[in-house]
Amino acid sequence: MNATAEHQEHGMSDASYIKIAIILAAITGLEVSTYYVDFGPLFMPALLTMMIVKFVMVVSYFMHLKFDSKIFSFLFYTGLGLALFVYCTALATFKFFVS
Amino acid sequence: MDTVSHVKNSRRRIVATLAGVAGTIALAGCAQNAPQDTFVPKGDNAQKIDTLQKVVFPIAGLVGVLVVALAIYIFIKFRDKGQDIPAQSHGKPTVEIILTIVPALILTVVGVFTFRTIMDLAKTTDTQMVINVTGQQWWWEYDYPAQTDQGITQPIITSGQLVIPVGTNVLLRETSRDVIHSYWIPALNGKKDAVPGRIHLLRLQADKPGIYAGQCTEFCGLSHANMRMEAIALSKEDFAKWVAGQQKGYTSPDEGTKAKEGETVFINQCSRCHQVNGIKDANGKAIISAPDENVYAGAAPNLSHLMSRTTFAGAMFDLVNQKCRDDVWKAKSDEFGAKYLTGVTTDCLNQKNLRAWLRNAPAMKPMYSDPTKLAKTGGKYRGMPNLGLSEDDIDKVVAYLSTLK
Amino acid sequence: MAIIERPGTETTPAVVTPQQTLGAVKRPVETKGWREWLFTVDHKKIGIMYGVVAMAFFIVGGVEALLIRLQLAAPNGHILSADKYNQMFTMHATTMIFLFAMPMAGAFANYFLPLQIGARDVAFPRINALSLWLLVVGGIVLNASWFLGGAADGGWFMYAPNSGPVFSPSHGVDFWVLGLQVAGIASLLGSINLIVTVLNMRAPGMSLMKMPVFTWMILVVQFLLVFSLPVITVALVLLMLQRSYGATFFDVSQGADPLLWQHLFWIFGHPEVYVLILPSFGIISEVLPTFSRKPLFGYPFVVFSGASIGLVGFGVWAHHMFASGLGPVSVAVFSIATMAIAIPTGVKIFNWLLTMWGGKLWYTTAMKFAIGLVILFTIGGLSGVTHSVAPSDTQQTDTYYIVAHFHYVLFGGMVFGLFSGFYYWWPKVFGKMLNEKLGSWNFWLMVIGMNMTFGPMHILGLQGQPRRMYIWTKARGGEGLFNFGFWNMVASIGSFILAIGVLFFLINVVKTARSGKTAPLDPWDARTLEWLTTSPPKPHNFDRIPVVHHLDEFFHRKYEEDSAANTMRKIADGEELVRAEEAAADANIHLPAPSYWPIVLATGVGILGLGIIYGVPIMVVGFAVVLFASFGWVLEPSVAEDIDFAPASNDGNTKEIAPLG
Amino acid sequence: MAETATHTADHSTEHGHETSTGLTNNKLAMWLFLGSECLLFGGLISTYMLYRGRVSSGPHPSRIFDIPFTSVSSFVLLMSSLTMVLAVSSAQRGDDRRTNLWLTVTALLGATFIGGQVYEFTTFIREGLGFSTSLFGSSFYTLTGFHGVHVSVGVIMLLSTMGIIRKGKITGNKAEVVELIGLYWHFVDIVWIIIFTLVYLIPS
Ligand code: HEA
Ligand code: HEA
Ligand code: CUA
Ligand SMILES: [Cu+2]
């Protein structure tokens, strides 16, 4: 089985991995800065957005989910989606989101 | 045309008859006067639930009868009579869709009524009286905060029997000192858990004077089965009398009586756990029962007016004998108040059980009350321990307790 | 550890010569006696062992139930102390659910799922063995508590804080947590294994929509497990950390909220009830068509409804908490969501009825049990719908009305489905027919016993008898002939009739083993692939991997449509078909070889767990065993050398391979 | 680790032997496992979120978190994902030397992260936040501890794989082994991405 050829098809070279890592690092820097700089009402949404972006980037590129079989995405995102649904609902019953 | 409708009619009649027969059997098969019957509402809140139930149960029953009847019809009609193997048909989407939509419609209707009832039963704006209810292994404590519009000028603390005025919207504020319990007086409302660290609200309202049985319905350990309660509904006047009785000051028994000796024993043995409001030690200092640090929840029932209630130890035992008990339980609603307010008279007192309790409480009611066996919990136990009183002391204490009217 | 593994197909030879095995320890080559079972990785043997273990625990749980019923037969019972009674119902439920129901479904899934999809084994045979042994370890740990200071006594949902160290100071709850944790790992591994098997190992031509419904339902169940077990794992971990290491998760004095446990438990617990019922739904979805001589009505709808029951099942857990003070909005949402589940379940019931409609119904014992399920489950399901009406449930929750509900769905539903499966597949597994006459006794006694036991509980509950009470009193039992005393007595008598019914099954098994008649290859004129092989199947299942063209492939190889007469014409006989397969057998079939490591690893995990209760030294021993077994496992050759394979026989076909495991 | 027999004894396709989906058993199993882990960590994170402000005694989160320190160790873990993906890519090119190199770096970064966590825990304990001190303490240590255990298991797997590769004992598809460990490793990383934000950066 020719892994290299298959790999190239995804268009992910080592260089692009490094690029992604740099972006991730930059976002992390931004995240940390929210701790010191006052973002006002944007604080929460900004932080959560950055978290999600990092998450999705690692999953899509480093874990190849974007290029791999849809079945993998189905398995993983089903778990993730259920987790979000179930736990957010549970927290909601504790009035976690109203404050 | 005619025959079709005839057939339809007769089918309908068969179904109706079946449903009727099933219903009759179900009803005829029931116990009479079961005190915790969930289909015998005696107050507004339970009534709301009942109205809903009386829609839902027949629907469920009818669906059940239809499905079972259809099934039996199929079992008979299509049994193997030597017919050919049928063609391999794989199903009809239209049938499927109909069979999806019909239940969905039925459930939508049920859902709407359910929703409305849930919201109705969660209302708190019409509250007229508040009572704090605290669950503890394995009895309930009631704490009536002062509320002058109900004639309660000083807080009242009692246990086992919840006393409320009729026709009044009472709001229970439930919590617990140890594990989760659940407060349930079926005739007055559904149940609501008493959870430590949280306060849950439960509406109660009774239409008529009477005694309504209940039971702790969240498993709470060893004696969960023995954690009962009773709600006593009194007419407004009777309730005022009851309040007055509960707020009455303490009178120490006359010197030289057995009861007076009992008071001494009580002060020595019991008052470290049990509060009797107004009791004073030899120096005339008021005794505030410090909760025993060895009892997990730290509290024991307040005995100030023990003889005003007819049960004890989490309503597990009657404080009155069988005859007097029947007298109260079976009283007509207009006589009930007077009978209940009489309290425990000397000839009514259930000496046997009370003595047995004082002699060895853990033998009467399973409790973790052997302090030697609980290393892991830091020696904390629950319930009342065996105090090793002599028979003589027991006589005295009983005499004393009888004065706590 | 089992997930990251050395890759490669573990194809080992028919005969492994010890010199040629790699790894730390020589791999087992023994084929006889007990070793054959302990070290096997054959899904069929593992399936049978699952069945035996589950049946044993069914009897344990059943005897516990009988003791419960003895205690409750009359007011103020004194057969059991309060303490023992509380342990009894806790362990009854735990045993029945985790050690009987789930493993029994596991037995069927293990045995038949590969056969139904035309595979030679599951995807990860060694992990399969590991699952079994972990389950056994978990079961032993759970029940060992009876002899080591008393069993858990907090009820099967073990609500905090009552399950915390202060209120349950004995070790019972520790054993319970540990046993479930281990059994949970077993199930998780098992479910991943089976999902991969279904996704990846189907015979050529078997698309998802050509899979037998049983396989489908098992697939749905495994997904439910994969996504719900981690939640109970979290709950158990929190409880364990609190009990053994002083964490504060459920310590109210620190500000903890006891409802956290309830949420975690029921997020798992509700999907769990569908884990219990769906395998039985799958079984009768095979049995009903077979004995109606018709395909399942609305196959795609049944499949889809199964999947949607699974999905919606994740959104309704709080219906177990209607009285726990969630607040009206949450209650309303969960109440309505719960009602929605009745719809896909209804679809199934109706499709089963319509499968029989127009059929040619053959009332074998298997069929009777399947029909029993349809009716009894409907009754239980409908009482479930009455619970979903939250205000009404606040009256009935924690009463015997709930106990009636879940025994109708669990016993009338799940257990009847499993019994249907026993009678249907017994000839396949053991090559002998269970006696139909004893089967009939078995069935009727169980129907009568079941309704006598659990039917009256509806009345008792609606009239206010709470559950989980070691005694009930006359004072609260009403008057008249039909007071609680009457109905409790009926229920208790019923439970013994039920037990005799089960006894008839056991007698039937023994009798069949001794003198049962040999089963024909296709006794029921069945429809699915597992019948396209000998009974019992050969170690490699199929001599040739079948190519699938139809749903109900086997049936369609036997019959041809006669559209003129609107019927089916027989063109071949099961026996002939199997002989044809044998004639065209594949050469050199390589099966996975047995292994020591699954059972060693499972034992290690058990010891490690006991360390949590009995201290660090034991934990260290356990850890060492786990480590040793893991390396042994990883280093065991995953692919055997060519020379390890037995030489082809003269005719070039090695279909008879040494039954190594 | 698809242990089951191929349909026929065709060894040349020990990996390529066609599965119904064309995907390998191992990778399917890994993704399923990761899907399942979402619910595990979801539960632990929710527990923490519910309890993070509940400090009946002992220090409050805002008082003891050392954001610069944790930022650095988060960065370390993030970069280990890069080195891991480089290892996978080398393995897929069949470049054993680089695979080993990147695996080593990844393991080292992982170990650094663990070291940081151990250091963090000891300071916290010194500052009075014990496991039983408060709900915050219990849920914090449980969540981050669980994550730490996952990282440690990852490190062990990396080291063992290197050992096995070096000894030439891998008979199957080397690249796939590395890829699977990579998936696990990245998952542990994304869990930390969430923990870092929700636990450390959002004040309670
Ligand atoms: C096999 C297991 C199983 C199954 C399948 C179910 C199925 C259902 N269950 Fe049950 N349940 C349990 C096992 C199960 N349950 C257990 C063990 C408990 C108690 C746990 C404990 O406390 O110890 C419990 C408790 C329980 C409760 C909590 C009660 C309480 O403690 O207060 C509720 C509340 O809503 C409930 C509801 C339902 C519903 C709506 C269904 C539905 O899925 C049922 C759907 C089926 C039908 C409705 C019948 C067929 C449908 C038709 C014929 C269509 C037409 C129907 C209509 C129009 C209504 N169940
Ligand atoms: C799969 C699940 C399952 C099954 C099959 C059963 C089966 C039975 N259950 Fe169970 N039960 C539960 C799950 C199950 N139960 C659960 C979850 C609870 C809730 C617990 C809790 O509240 O925490 C519960 C609770 C429960 C209670 C309520 C206890 C209480 O609240 O105080 C009762 C009371 O009658 C009961 C009775 C029975 C009986 C009589 C059977 C019978 O069907 C058993 C029949 C089987 C046998 C009898 C075995 C056969 C034995 C032999 C063949 C040997 C012959 C031996 C002799 C004749 C001595 N069960
Ligand atoms: Cu209190 Cu049960
Ligand atoms: Cu449920």
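Here is how names work: the chains are called A, B, and so on, in the same order as the sequence lines, proteins then strands, and each is numbered from 1. Quantities reported herein were computed from a predicted structural model and do not represent experimental measurements.
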- Task: Decide if atom CZ of C:Phe486 counts as having more than 12 heavy atoms of other residues, nucleotides or ligands within a radius under 6.0 Å.
- Result: yes
- Below 4.5 Å from any heavy atom of chain C, which atoms of B:Phe75 appear? Answer side chain, backbone, both or neither. both
- With the threshold set at 4.0 Å, does a side-chain nitrogen-carboxylate oxygen contact exist between C:Asp525 and C:Lys558? yes
- Message: At a 4.5 Å cut-off on heavy atoms, which part of C:Ala475 comes close to chain B: side chain, backbone, both, or neither?
- Response: both
- Of the backbone (N, CA, C, O) and the side chain (C-beta and beyond), which part of B:Leu121 lies under 4.5 Å from a heavy atom of chain C, both, or neither? side chain
- Note on the structure: Cut-off 4.5 Å, heavy atoms of chain B, and the answer for C:Gln254 is neither
- Item | chain B contact via C:Thr378 - side chain, backbone, both or neither, heavy atoms under 4.5 Å | side chain
- Message: Can you confirm whether B:Lys54 is buried at NZ, in the sense that more than 12 heavy atoms of other residues, nucleotides or ligands lie under 6.0 Å from that atom?
- Response: yes
- Is a side-chain donor or acceptor of B:His200 paired with a backbone partner of B:Asp193 at a separation under 3.5 angstrom? yes
- Proximity breakdown for B:Arg79 and chain C, heavy-atom pairs closer than 4.5 Å: both
- Out of C:Tyr559, C:Tyr363, C:Phe484, C:Phe555, which one racks up the most heavy-atom pairs below 4.5 Å with chain B? C:Tyr363
- Message: If you count heavy-atom pairs within less than 4.5 Å of chain B, which of C:Phe322, C:Tyr401, C:Trp352, C:Trp362 leads?
- Response: C:Tyr401
- Residue pair B:Ile98 / B:Val102, side-chain heavy-atom distance below 4.5 Å: yes
- Task: Mark yes or no for whether C:Trp261, through its side chain, and C:Met158, through its backbone, hold a donor-acceptor pair below 3.5 Å.
- Result: yes
- Which pair of non-hydrogen atoms, one from C:Thr355 and one from C:Lys294, has the smallest distance, and what is that distance? O-NZ, 3.2 Å
- Task: Go through B:Ala213, B:Ala194, B:Ala122, B:Ala46 and name the one with the most non-hydrogen pairs under 4.5 angstrom from chain C.
- Result: B:Ala213
- Among B:Ile180, B:Leu202, B:Thr108, which has the most heavy-atom pairs under 4.5 Å with chain C? B:Ile180
- Ranked by heavy-atom pairs below 4.5 Å to chain B, first place among C:Met356, C:Arg476, C:Met568, C:Arg468 goes to C:Arg476
- Go through the atoms of C:Arg569 and report whether side chain, backbone, both or neither lie under 4.5 Å from a heavy atom of chain B. neither
- Task: Please examine the side chains of C:Leu288 and C:Val374, heavy atoms only from C-beta on, and report whether any two atoms are closer than 4.5 Å.
- Result: yes
- Task: Sort C:Ser292 into side chain, backbone, both or neither according to what part of it lies under 4.5 angstrom from a heavy atom of chain B.
- Result: backbone
- Item | Flag, side chain of B:Arg203 to backbone of B:Lys123, donor-acceptor distance under 3.5 Å | yes
- Would you say the side chains of C:Asn162 and B:Glu218 form a donor-acceptor pair under 3.5 Å? no
- Top contributor to chain B interface from C:Leu460, C:Asn351, C:Leu296, C:Ile379 [non-hydrogen pairs under 4.5 Å]: C:Asn351
- Item | Part of C:Thr386 within contact of chain B (heavy atom distance under 4.5 Å) | both
- Parallel, tilted or perpendicular for C:Phe157 and C:Tyr159, by the 30°/60° rule? tilted
- Side chain, backbone, both or neither: which part of C:Ile471 has an atom under 4.5 Å from a heavy atom of chain B? both
- Is there a ring pair (Phe, Tyr, Trp, His ring centres under 6.0 Å) between C:Phe250 and C:Phe167 once you walk through the steps? CA-CA 12 Å; C:Phe250 308 110; C:Phe167 300 106; over 10 Å; no
- Portion of C:Trp472 that has a non-hydrogen atom of chain B nearer than 4.5 angstrom: neither
- Item | Best-contacting candidate, C:Val389, C:Asn86, C:Leu462, against chain B by heavy atom pairs under 4.5 angstrom | C:Leu462
- Flag the one option from B:Val95, B:Val68, B:Leu52, B:Ile101 with the top tally of heavy-atom pairs under 4.5 Å to chain C. B:Leu52
- Using non-hydrogen atoms only, which part of C:Tyr85 is less than 4.5 Å away from chain B: side chain, backbone, both, or neither? neither
- Task: Taking C:Lys348 for its side chain and C:Val302 for its backbone only, find out whether a donor-acceptor pair lies under 3.5 Å.
- Result: yes
- Query: Side chain, backbone, both or neither: which part of B:Lys92 has an atom under 4.5 Å from a heavy atom of chain C?
  - Reply: both
- Message: Please rank B:Gly197, B:Pro103, B:Pro86 by heavy-atom pairs under 4.5 Å with chain C and give me the top one.
- Response: B:Pro86
- Show your reasoning for whether side chain to side chain contact (heavy atoms under 4.5 Å, CB included) applies to B:Leu204 and B:Tyr212. CA-CA 12 Å; B:Leu204 287 189; B:Tyr212 305 107; over 6 Å; no
- Are the side chain of B:Gln32 and the backbone N or O of C:Asn483 linked by a donor-acceptor pair below 3.5 Å? no
- Note on the structure: One option among B:Cys220, B:Pro366, B:Pro196 has the most heavy-atom pairs under 4.5 Å with chain C, and it is B:Pro196
- Message: Does any backbone or side-chain atom of C:Ile349 lie under 4.5 Å from a heavy atom of chain B? Answer side chain, backbone, both or neither.
- Response: side chain
- Select, from C:Arg293, C:Glu479, C:Met321, C:Gln395, the one with the greatest count of heavy-atom pairs under 4.5 Å involving chain B. C:Gln395
- Considering only heavy atoms, which portion of C:Phe89 lies under 4.5 Å from any heavy atom of chain B: side chain, backbone, both, or neither? side chain
- Message: I'd like to know if the side chain of C:Tyr470 pairs up with that of B:Asn226 as donor and acceptor (distance under 3.5 Å, no hydrogens or angles considered).
- Response: yes
- Item | Contact origin within B:Leu107 toward chain C - heavy atom pairs under 4.5 Å | both
- Message: Counting heavy-atom pairs closer than 4.5 Å to chain C, which one of B:Ser223, B:Ser176, B:Pro186 comes out on top?
- Response: B:Pro186
- Is it the backbone or the side chain of C:Ile375 that comes under 4.5 Å from a heavy atom of chain B, or both, or neither? side chain
